[in-house]
Asks: 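My structure is below; once you've seen it, I'll send some questions.
As the structure is a computational prediction, the values presented were derived from the model and not from experiment. Numbers for residues simply follow the sequence, beginning at 1.
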Amino acid sequence: MMAPALIIASHQLMHTKRVEAIPWNSNLLANSHSIVATPPESPNKLPSPIHPKPSESKNSIAITGGNAISISNTVKKPLMVCALSALLSLGDLRDIPWLYTANSNSDVAEASGLFRMPPANLSNRYYLVRSGESELEKKGIINTNPVAKTSMDSGLSKEGKEQALKAALELKAMGACEGSCWIWASITQRAYQAAEIIAAVNNIGRSRIVPEYSFLDARGLGAFEGRDLKDINEIYASDLISPNLKPPPFTDGTPNESVADVFVRVTQLMSILETQYSSENIIVVSPDSDNLTILQAGLTGLDLRRHSELSFRHGEVRFVDIRTIPPPKEPISGLFKCLKPPNCT
């Protein structure tokens, strides 16, 4: 059985383009432009290729290959077609390389629901917040194992609570929650505690705090777990060489994540947010700096290898908007552009 996948393509009459397969995200079902296709009982009995008849539906389509599915788009205007191949017995998706449309004379529709870094635009206004200092950070200890993320040692220290309060007041001064806002916070203790402080100061109900269970986990530092916080500079020196280099693994199961690994996580998060919301103020609360610096580097098209130069202090708040994304520039000494992260070389 095949895992769910999303096949996206957009076409003109008599024009074909290669279908692109991306990981399935259930939030894309909220897109009114999505069409969900389920397989017939015996897909192998269908002839291939199938050419839909114009009389059946103005926007009928068929996916052709070793097997085929035909679906109809009942929306009147031409648009991008999203077809879900859910637990199909279709074999490898690479066996379905082409998609054809019939009886349409419109321009090619633009795909929606697929978030790419750096983005051409943003549907929402984003505020990035690093939580305050944790008890273990106060002791100068690296702690990134997700098993311990809800422990009290991962909670805010006294100074961390003051830093979170300062962040909450700064967000209030910035008008981040005027009218309303959503607070997406890691369930890591210090991040969620910071989110609760932010909500209280900005008169936001707890129903507006959305717990994030994995995409905002602190970057796993592998064998650096339990070492002195100052040793993290060794990680950043490695990051400068390649975004694909991982910290050494550790025997306790702590993840050892490269910059590219974290980039995948934060891109998935942005895909959800940009699909689920529109014209909203969204506060993202992370337990560490790396999630936010890699996210900001991706949004602005900066070389991911240099993400640590964007380091967030405890309790720091930054507003991110399309207006703050700089236009492409010629590379200058010490600065690289990366238009297709994480492939920056």
Asks: Give a yes or no on this: more than 12 heavy atoms of other residues, nucleotides or ligands lie within 6.0 Å of atom NZ of K246.
Replies: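 Correct, the count exceeds 12.
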Asks: I'd like to know if the side chain of H314 pairs up with that of E159 as donor and acceptor (distance under 3.5 Å, no hydrogens or angles considered).
Replies: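 Note: H314 and E159 side chains miss the donor-acceptor criterion.
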Asks: If you measure only the distance, is there a donor-acceptor pair under 3.5 Å linking the side chains of Y126 and E274?
Replies: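 Yes, a side-chain donor-acceptor pair sits under 3.5 Å.
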Asks: With sequence neighbours excluded, what pairs up with Q189 under the side chain to side chain donor-acceptor pair (under 3.5 Å) test?
Replies: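 By the side chain to side chain donor-acceptor pair (under 3.5 Å) rule, Q189 matches no residue at all.
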Asks: Could you go through residues 210-227 and list every donor-acceptor pair under 3.5 Å that involves a side-chain atom there, pairing it with any protein atom two or more places apart or in another chain?
Replies:
unit_1	atom_1	unit_2	atom_2	d
E212	OE1	S214	N	2.9
E212	OE1	F215	N	2.5
E212	OE1	L216	N	3.1
D217	OD1	K149	NZ	2.7
D217	OD2	K149	NZ	3.1
R219	NE	E257	O	2.9
R219	NH1	D239	OD2	2.9
R219	NH1	D290	OD2	3.2
R219	NH2	D239	OD1	3.0
R219	NH2	E257	O	3.1
E225	OE1	T144	N	2.8
E225	OE1	T144	OG1	2.8
E225	OE2	N143	ND2	3.1
E225	OE2	T144	N	3.1
E225	OE2	N145	N	3.1
R227	NE	D231	OD2	3.2
R227	NH2	D231	OD2	3.4
R227	NH2	E234	OE2	3.3

Asks: For residues R190 and S154, determine if any side-chain heavy atom of one lies less than 4.5 Å from a side-chain heavy atom of the other.
Replies: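 They are in side-chain contact.
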Asks: Considering only heavy atoms from C-beta outward, does the side chain of L122 approach that of M270 to under 4.5 Å?
Replies: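 With C-beta onward as the side chain, the pair touches.
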Asks: Quick check for you: to the nearest 0.5 Å, what is the distance between N256 atom CG and L245 atom CG?
Replies: 11.5 Å
Asks: Below 4.5 Å, heavy atoms only, C-beta onward: do C181 and I204 meet side chain to side chain?
Replies: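 Yes; the side chains approach each other to less than 4.5 Å.
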Asks: Considering only NZ, NE, NH1 and NH2 on the basic side and carboxylate oxygens on the acidic side, decide whether K230 and D228 come within less than 4.0 Å.
Replies: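 Salt bridge between K230 and D228, a charged N being under 4.0 Å from a carboxylate O: no.
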Asks: Below 30° counts as parallel, above 60° as perpendicular, anything between as tilted: where do the rings of F319 and Y127 land?
Replies: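 Rings of F319 and Y127: tilted, 30 to 60°.
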Asks: Whether the side chain of Q193 engages the backbone of K161 through a donor-acceptor N/O pair (distance < 3.5 Å, no angle test) should be reported.
Replies: no
Asks: Measure the CG-NZ distance between N203 and K172 for me, rounded to the nearest 0.5 Å.
Replies: 5.5 Å
Asks: Does the side chain of L310 come within less than 4.5 Å of R318's, by heavy atoms?
Replies: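 The answer is yes, as the side chains (C-beta and beyond) meet within the 4.5 Å cut-off.
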Asks: Give me the other members of the hydrophobic cluster that I141 sits in, counting Ile, Leu, Val, Met, Phe, Trp and Tyr linked by side-chain heavy atoms under 4.5 Å, directly or via other members.
Replies: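 So far as hydrophobic clustering goes, I141 is joined with L136.
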Asks: For the residue pair W184 and Y277, does the interplanar ring angle fall in the parallel (under 30°), tilted (30 to 60°) or perpendicular (over 60°) class?
Replies: perpendicular
Asks: Tell me yes or no: between the side chains of D153 and S151, is some donor less than 3.5 Å from an acceptor?
Replies: no
Asks: Taking the side chain as every heavy atom from C-beta outward, state whether L156 and I197 have any atom pair closer than 4.5 Å.
Replies: yes
